[in-house]
2 protein chains.
Amino acid sequence: MLRKNSKQRDAIVAMVKSSKSHPSADEVYGAVRKIYPQISLGTVYRNLSALAEAGGITRITCGLGGDRFDGNTAMHYHFQCAECKRVFDVEMAVDERLNKHAAALLNADIDNHTAMFYGRCAECKNIRRG
Amino acid sequence: MLRKNSKQRDAIVAMVKSSKSHPSADEVYGAVRKIYPQISLGTVYRNLSALAEAGGITRITCGLGGDRFDGNTAMHYHFQCAECKRVFDVEMAVDERLNKHAAALLNADIDNHTAMFYGRCAECKNIRRG
DNA sequence: GTTGTTGCAAATCGTTTGCACGTCC
DNA sequence: GGACGTGCAAACGATTTGCAACAAC
């Protein structure tokens, strides 16, 4: 994968990199379709997965709904609102030593870790709950 | 939900609580079926979700494969092996203040957070990679 | 007897894949 | 021109849901 260029992939990368909203595959699809109306959802999924694998973007596995994607590949944590399902960055220092610590405890090779916070975002927290 | 007792639910709780392997819904199904061969996968899913919602067990959203369930509801972190997909506990102190810290940063209500480590477990790390 | 719970099957959601065709180097 | 990428549709795995029968209180 990623051996040849494609304008579809370029558009997908550009969309994810320029977005701050942690879009889902479907949202990327909707946005890129405005430029390439013929693009297929399969192509979006294939490229998002290949790009995440190659390290060009980050895949965010969240508890509520499908995966999200993030153009910011620097290690950081996320928060997901249980109400609106949006994902936000948590601008908090990440302790990379946790990987080594956990690796020692488990006698495992550890590549990375993720942290997800859950609750209600600023906009949703004062509204009646469904 | 959870307003009346059922022997199926009792068996599901017992299985998850007694397991240390963070079983998937399908694994719970397989185990409980030995006692109640007529139980359906839908019942297992319904009960696991209701129990997790009620706080009797914990749902683990992991990046590789479907959700797992944990009878240990005390806050702790997990590690998933990229090779065998098994999930392990990480016996590491959890800083509960992170929730307050993140809540302040985002002006959000935060209930909980999870952390997942990824890599290769002790058993898999020395074996040729596929 | 009312209401929650079950078993079953069909439906849904998010994602992946096989294939014929198109495009890049 | 050969390998990789695309569009399309079908397939897939995980999970949820509608419904009639059933069990708990």
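Residue numbering restarts at 1 for every chain, and letters A, B, ... go by the order of the sequence lines. When reading the values below, keep in mind they use all heavy atoms of this one structure, side chains included, and skip hydrogens, waters and symmetry mates. Nothing here was measured: the structure is a model prediction, and the numbers come from that model.
Judged by the 6.0 Å distance and 45° axis criteria, A:Arg86 is not positioned over the aromatic ring of A:Phe88. Both tests do not hold together for B:Arg33 against B:Tyr36: distance to the six-membered ring centre under 6.0 Å, angle to the ring axis within 45°.
One can place CZ of A:Arg59 at 11 Å from C1' of C:dG14, the figure rounded to the nearest angstrom. Rounded to whole Å, the distance from CD on B:Glu27 to C1' on D:dA14 is 13 Å. Atom pair B:Asn5:CG and C:dT3:C1' shows a separation of 14 Å (rounding to whole Å applied). The CG-P distance, from B:Asp10 to C:dT6, rounds to 10 Å in whole Å. Following rounding to the nearest Å, B:Leu2 (CG) and D:dA24 (P) show an atom-to-atom distance of 16 Å. Rounded to an integer number of Å, the gap from B:Leu48 CG to D:dA14 C1' is 13 Å. Atom pair A:Leu51:CG and D:dG5:P shows a separation of 11 Å (rounding to whole Å applied). Atoms CG (B:Leu41) and C1' (C:dA11) sit 14 Å apart, rounded to a whole Å.
Within the 4.0 angstrom heavy-atom criterion, no nucleotide atom of any strand lies near B:Asp26. Within 4.0 Å (heavy atoms only), A:Ser49 reaches sugar-phosphate atoms of the nucleic acid but no base atom.
Along DNA chain D, the nucleotide closest to B:Arg3 and the one closest to B:Phe69 are compared, and the more 5′ of them pairs with B:Phe69. Nucleotides of DNA chain C nearest to B:Ser40 and A:Lys7 differ in position, and the one nearer the 5' end is that of B:Ser40.
Between A:Asn47 and D:dT6, a side-chain N or O to OP1/OP2 separation shorter than 4.0 Å is present. Residue B:Ser6 places no side-chain N or O under 4.0 Å from the OP1 or OP2 atom of C:dT5. Here B:Tyr45 does not reach the OP1 or OP2 of D:dT16: none of its side-chain N or O atoms lies under 4.0 Å away. In this structure, A:Gln38 does not reach the C:dG22 phosphate: none of its side-chain N or O atoms is under 4.0 Å from OP1 or OP2. Residue B:Arg9 places at least one side-chain N or O closer than 4.0 Å to OP1 or OP2 of C:dT5.
The closest donor-acceptor contact from the side chain of B:Lys17 to the backbone of B:Gly56 lies under 3.5 Å.
The base of D:dA23 has none of its N or O atoms less than 3.5 Å from a complementary donor or acceptor on the side chain of B:Lys4. A donor and an acceptor atom sit less than 3.5 Å apart, one in the side chain of B:Arg46 and one in the base of D:dG18.
Close placement of the A:His113 and A:Tyr77 rings is indicated, their centers lying within 6.0 Å of each other. If you look at B:Tyr118 and B:His78, their ring centroids are not closer than 6.0 Å.
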